[in-house]
Protein chains: 2
Amino acid sequence: MTAVGQGKGGRAGARRATLATVADLAGYHVSTVSRVLNGTTVPGARSASSAAAERIRQVAREVGYVPNAQAAALRRQRTGMVGVIMARMTDTVAATIYEGVERAAAEHGYQTLVMNSWDDDETRARCVDLLMAHGVDALIHGDALADGSSLQVLERSGLPFVLVNRGAGAYPSVTADDRGGGRQAAEHLLALGHREVGVLAGLPYAGNAIERTRGFCETFAEAGHPVRPDRVVPTTFDSAGGRTGADRLLRAGDGPTALFAVSDAAAIGALGSLRDQGLHPGRDVSVVGFNDMPIAGDLTVPLTTVRSPMREIGERSVALLLAVMEGEPGEVVRFPTELVVRETTGPAPGLTRGR
Amino acid sequence: MTAVGQGKGGRAGARRATLATVADLAGYHVSTVSRVLNGTTVPGARSASSAAAERIRQVAREVGYVPNAQAAALRRQRTGMVGVIMARMTDTVAATIYEGVERAAAEHGYQTLVMNSWDDDETRARCVDLLMAHGVDALIHGDALADGSSLQVLERSGLPFVLVNRGAGAYPSVTADDRGGGRQAAEHLLALGHREVGVLAGLPYAGNAIERTRGFCETFAEAGHPVRPDRVVPTTFDSAGGRTGADRLLRAGDGPTALFAVSDAAAIGALGSLRDQGLHPGRDVSVVGFNDMPIAGDLTVPLTTVRSPMREIGERSVALLLAVMEGEPGEVVRFPTELVVRETTGPAPGLTRGR
DNA sequence: TTGTAGGCGTTATCAC
DNA sequence: GTGATAACGCCTACAA
């Protein structure tokens, strides 16, 4: 319980050193100092290495000069910040994509200003306003509504933006090939002989969830085994959602023999539900997840899932954003997915199962 | 591949509306507009509801006026932003704490500016500089080195700050009672008869990992069964680290009968290792994690773990930070933990096990 | 190479 | 209640 932290008394310590401070101490003029510190010497190559420049840099270091990005931004009309909106960081998928975004942005000299929308419409809108207020140069939106309704304001504002993870219409976006991934999951289960299946379908307004579900269901339909509508249940993407959804699907008398969850976390929740009901994954009921998050392969019964390159998706979204900022046309980018067969899927049990 | 996104041609659209724009259109002076929009009318109660004020607000809405936070910050000498440094967002613990921080900060009118340090010293330092450059009013540091070496610069700068998750010395911090949590894990395993145990000890320079390991080891020592030093292996906090560490501990001829992992993710990695070696968690080898992340209870063999209130820790860190910003003395806050017994722990197998 | 001047959009402090 | 004015810290023409 010891007190430390900063000087005991009043608020923050001494005022930050400014360019003027450095200029005074170094005996040069502010403009000169600014030029030296920014390396803004027109064409003259190594002229910046003159004694003067060295002295100025020395002083700056001594007084702990940190440029005031606010002021610079005001003057330059750009902040070097990219806004990022995500539903929530505890979603591993969002976090991984965000890591990709952060890295790629940093590589190009941009900072990221992240906000969580909690999948709430009002908050979503407030995020955009706040990010604009903070002067972000562009926006990466990981939380779009599938109908694009949240994007019209943005579009009107003229702020360059790109969607990630959840696409919407023809807006520029970077996602997994969600529909194709859904198909892969379906083909796998069909090949194993499953005919009665259920879908933990994610949030009904999220483009990725919709596409994954669509790809899955259309494949079953094409094979002549359409998925019963009451077996497609909306869920959240987290494990709690998957558990609740699976409870509902499995407790019905004529439960399905396999479940497709549009996220790994939901799939793990479904595993919890199976366990509670004394069912063994891969033998009694098969489960397929989506994304292949790192722990998927470490589970005691490793999870069969559809892998999507989350970090790459994040990185690519930055590349696309930079292109859009340059005035290039946006595009819709979809990364192919890959089915990873592990042990939560197995042959469909005999038709006699479960009454 | 359709192109959309923003106007086809040049960069961002029309320049943002400023106070001046609004003032012009409304026929008032900039200062007046500013006052109205900020609700800055001295004591006169509802005078702001005059027709003039209404008109101004109307115009502002029409032109889509968004205040320029950069400029306001420059003038007011405060940005309303709190910097947050975390190792990485894909660590569920960090993400959950961050969610708590974000929420609490928003409640008090602060935005958060997050940066990932990747547990890299150089990056850590750069984060601080960048956050200062962006003018954060204070800092929450989730990535401190246990010896506090990364904090001296910060302290000297006079920027108010608080540590979260990983404490360091007497610097103000909010963490779980890591040492106590380690003890709880140890007592549980001791009661089950385990004598030969191993520790997946986390990063050797992270305060939380150190304390958890310490609490665990000292309890075994006090019970007369000191943990063999070569059975305390440093790991990362993620599942890959846990897997590698467990591989090492279990492949040794005389493997331990139980493992304590300082994070749930590492514990899950250990479960993966067990599985590969045909060992059953809770029967052949017991495993205890730390944090009780949401999926812990949904695993096919649910994880015994030490619960810590991650979100609360994040929220509290904001409260503490606000206090420090007011000049109050910082304190070291530790939240009690709770042992959650599930199924990865069981009685120690007969002494004959494993040669 | 170095100095000068003006302004980015706000807000705070005057005077009216 | 409203209008004028001066910064906040930085950058960039332009002039010397």
Side-chain angles (χ1 to χ4, degrees), chain A residues 12 14-57 60 63-80 132-137, chain B residues 12 14-57 60 63-80 132-137:
Chain A
R15 262 270 267 299
R16 276 168 63 174
T18 75
L19 269 190
T21 323
V22 179
D24 268 12
L25 267 54
Y28 278 88
H29 268 260
V30 183
S31 56
T32 311
V33 176
S34 169
R35 277 189 288 256
V36 168
L37 262 31
N38 287 321
T40 318
T41 37
V42 213
R46 79 189 96 27
S47 48
S49 68
S50 68
E54 209 33 74
R55 165 143 182 66
I56 287 174
R57 272 192 281 265
V63 298
Y65 169 71
V66 180
N68 183 328
Q70 315 290 316
L74 189 58
R75 174 63 233 243
R76 298 206 236 213
Q77 299 289 67
R78 68 181 285 280
T79 56
M132 289 193 57
H134 280 283
V136 296
D137 298 330
Chain B
R15 262 268 265 300
R16 277 167 62 174
T18 75
L19 269 190
T21 323
V22 179
D24 269 11
L25 267 53
Y28 277 88
H29 240 272
V30 182
S31 56
T32 310
V33 174
S34 170
R35 277 188 291 256
V36 168
L37 262 30
N38 286 321
T40 317
T41 38
V42 211
R46 78 191 96 28
S47 50
S49 68
S50 68
E54 210 33 75
R55 165 145 181 67
I56 287 174
R57 273 191 281 267
V63 299
Y65 170 70
V66 179
N68 183 327
Q70 315 289 317
L74 187 60
R75 178 61 234 237
R76 296 208 237 213
Q77 299 288 68
R78 68 179 285 279
T79 56
M132 289 194 58
H134 279 284
V136 295
D137 298 329

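As the structure is a prediction and not an experimental result, all values here were calculated from the model. In what follows, every heavy atom counts, from backbone to side chain, and hydrogens, waters and symmetry copies are set aside. Every chain is numbered from 1, with letters handed out A, B, ... down the list of sequences.
- Nearest nucleotide to the B/Val30 side chain, out of C/dT11, D/dC10, C/dG9: C/dT11.
- Sequence order on DNA chain D of the closest nucleotides to B/Gly27 and B/Gln77 puts B/Gly27 first from the 5' end.
- Look at CG on A/Asn38: it is 13 Å from P on D/dA13, rounded to the nearest Å.
- With hydrogens and angles left out, the side-chain atoms of A/Ser34 and A/Ser31 include no donor and acceptor closer than 3.5 Å.
- Rounded to whole Å, atom P of C/dT10 lies 17 Å from atom CZ of B/Arg78.
- Put simply, CZ on B/Arg76 is 15 Å from C1' on C/dT13, counting in whole angstrom units.
- Checking D/dT5, C/dG9, D/dT12 against every side-chain atom of A/Ser31, the shortest atom distance belongs to D/dT12.
- Residue-to-nucleotide contacts include a donor-acceptor pair under 3.5 Å from the side chain of B/Arg75 to the base of C/dT11.
- Checked by atom type and distance alone, the side chain of B/Thr79 pairs as donor or acceptor with a backbone atom of B/Gly135 at under 3.5 Å.
- Atom P of nucleotide D/dC8 and atom CG of B/Asn68 are separated by 18 Å, given to the nearest angstrom.
- For A/Asp137 (side chain) and A/Arg78 (main-chain N/O), no donor-acceptor pair under 3.5 Å exists by modelled atom type.
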Could you pull out the protein-nucleic contacts involving nucleotides 14-16 of chain C (nitrogen or oxygen on both sides, under 3.5 Å)?
none

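- Protein atom NE2 of A/His29 is 4 Å distant from nucleotide atom P of C/dT4, rounded to whole Å.
- In this entry the distance linking CG of A/Leu37 with P of D/dT12 reads 14 Å, nearest Å.
- For the pair A/Tyr28 OH and C/dT4 C1', the interatomic distance rounds to 18 Å; values are reported in whole Å.
- With C/dT10, D/dT2, C/dG3 as the choices, the nucleotide that has an atom nearest any side-chain atom of B/Thr32 turns out to be D/dT2.
- Counting heavy atoms from C-beta on, the side chains of B/Val22 and B/Thr18 never come closer than 4.5 Å.
- Atom CZ in A/Arg16 sits roughly 14 Å away from atom P in D/dC8 (whole-Å rounding).
- In this structure, B/His134 NE2 and A/His134 NE2 are separated by 12.0 Å, a value rounded to the nearest 0.5 Å.
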